[in-house]
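Worksheet: the structure to be examined is printed underneath.
Just so it is clear, the values below take in all heavy atoms, side chains as well, and ignore hydrogens, waters and symmetry mates.
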Amino acid sequence: MLEAPEPRDKLGAVATAAVNGPEDEITDWLAVDWQQVEDDVRRLRQRIFTASQAGDLKRVRNLQKLMLRSRANTLLSVRRVTEINAGRTTAGIDGKVVLLPQGKAELADWMQRSSGSWKSRPVRRVYIPKAGGKKQRPLGIPVIVDRALQARALNALEPEWEARFEPKSYGFRPGRGCHDAIEAIFNAVGGKNPHRRWILDADLAAAFDRIDHGHLLRQLGTFPAREQIRQWLKAGVVEREQLTPTEEGTPQGGVATPPTQ
């Protein structure tokens with residue numbers, strides 16, 4: 001059953017200090033210029049990508065801090081998890097979703113001003129059928145606050161690594177999918193004198209369930225939201241009201257974790 005958003009005294013309370021905006025500014029969700037918001041976030045993502053491509057790690061980190069403080073990024077992140085994502089009506093362990101404009105505005109204002117004291121909550125375990133079979137795929141559904149914070153962190157982290165990844169990798173990357181990989185394979189093996197004549201199809205069993213947390217965090221280096229990511233990894237899973245610690249793996253179902261398809 002869907003529940004109302006958290007009341008202002010719990011989730012959307014207005015702090016005395018604001019970041020990246022007037023101290024007394026309250027968001028009017030219906031008046032947000034979304035084209036401007038998207039443009040601001042896109043430009044900042046591009047700057048992070050360019051700095052990463054140039055190997056300027058100091059600039060990358062400074063720009064990522066700016067992204068994590070960006071009001072535009074916060075607004076876009078809340079919009080993503082409350083209006084765009086397929087799971088926007090699915091609640092985490094707290095049973096809460098945010099569907100009304102006022103609740104979205106309050107969540108964005110709280111994130112912008114008071115989220116520094118937030119402690120990540122465990123994810124709720126649910127199961128969905130796997131395509132083409134009788135097996136089920138486990139998902140971990142974060143609470144709505146963690147989803148919004150993950151979306152905000154993703155916009156800071158993703159462009160850094162997009163600049164590092166190989167041009168012909170297609171898995172779980174923005175704007176890419178299996179059809180792009182198929183096209184690349186077709187082009188590689190086609191023609192009169194193809195250099196490659198074989199294709200390897202492999203599947204790593206429970207790959208995401210076994211990701212090493214320590215290794216993953218080391219790869220993040222000095223990323224400004226590294227501690228927040230560590231909390232998400234270690235938050236645990238609740239299934240049938242039983243909390244299980246998470247010592248390895250990344251649960252599918254969150255914004256910053258692999259898609260379920």
Test side chain to side chain donor-acceptor pair (under 3.5 Å) on T222 and R226 and set out the steps.
CA-CA 7 Å; T222 56; R226 183 178 181 276; over 6 Å; no
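- Rounding to the nearest 0.5 Å places CG of L204 at 12.0 Å from CG of D209.
- For the pair Q112 (side chain) and R69 (backbone), a donor-acceptor distance under 3.5 Å is present.
- Side-chain contact between T246 and L233 is absent, with no heavy atoms from C-beta onward closer than 4.5 Å.
- In the hydrophobic cluster analysis, where Ile, Leu, Val, Met, Phe, Trp and Tyr join through side-chain heavy atoms closer than 4.5 angstrom, F208 is grouped together with L216.
- Between F165 and F172, the distance separating the two ring centers is not shorter than 6.0 angstrom.
- For the pair R47 and R59, the minimum side-chain heavy-atom distance is below 4.5 Å.
- Residues K104 and E83 have side chains in contact (heavy-atom distance under 4.5 Å, counting atoms from C-beta outward).
- Each of R42, Q64, R45 was checked for a side-chain hydrogen bond (donor to acceptor under 3.5 Å, both in side chains) with N155, and the lone residue meeting it is R45.
- In this structure, V78 and M111 have side chains that are in contact, with non-hydrogen atoms separated by less than 4.5 Å.
- Not a single donor-acceptor pair under 3.5 Å links the side chain of D109 to the backbone N or O of I26.
- S115 and R152 make their closest contact through OG-NH2, 3.1 Å (heavy atoms, listed as atom of the first residue, atom of the second, distance).
- For the pair I141 and R147, the minimum side-chain heavy-atom distance is below 4.5 Å.
- S52 contributes no side-chain N or O that, together with a main-chain N or O of I48, makes up a donor-acceptor pair within less than 3.5 Å.
- Atoms CD1 and CD1, from I185 and I199 in turn, are 5.0 Å apart once rounded to the nearest 0.5 Å.
- V237 and W232 fall into different hydrophobic clusters, defined by Ile, Leu, Val, Met, Phe, Trp and Tyr side-chain heavy atoms under 4.5 Å apart, directly or through other members.
- The OG atom of S70 sits 16.0 Å away from the NZ atom of K65 when rounded to the nearest 0.5 Å.
- With hydrophobic clusters built from ILVMFWY side chains whose heavy atoms lie under 4.5 angstrom apart, F223 does not share a cluster with F49.
- Put simply, the side chain of T90 reaches to within 4.5 Å of the side chain of R124, judged on heavy atoms.
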Side chain to side chain contact (heavy atoms under 4.5 Å, CB included), that's the test. Do L149 and Q228 meet it? Break it down for me.
CA-CA 9 Å; L149 292 171; Q228 199 166 49; 3.8 Å; yes
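- A continuous path of hydrophobic side-chain contacts links I211 to V255 [ILVMFWY only; heavy atoms under 4.5 Å].
- Both V98 and W34 are part of a single hydrophobic cluster, where members link through side-chain heavy atoms under 4.5 Å apart.
- Within 6.0 Å of atom NZ in K234, more than 12 heavy atoms from other residues, nucleotides or ligands are found, so the atom counts as buried in its surroundings.
- Taking the side chain as every heavy atom from C-beta outward, P224 and L68 approach each other to under 4.5 Å.
- Distance check, rounded to the nearest 0.5 Å: CE of M67 to CG of N62 gives 13.5 Å.
- N187 places a side-chain N or O within 3.5 Å of a backbone atom of E183 that can act as its donor or acceptor partner.
- Using a 4.5 Å heavy-atom cutoff, the side chains of Y127 and E239 are in contact.
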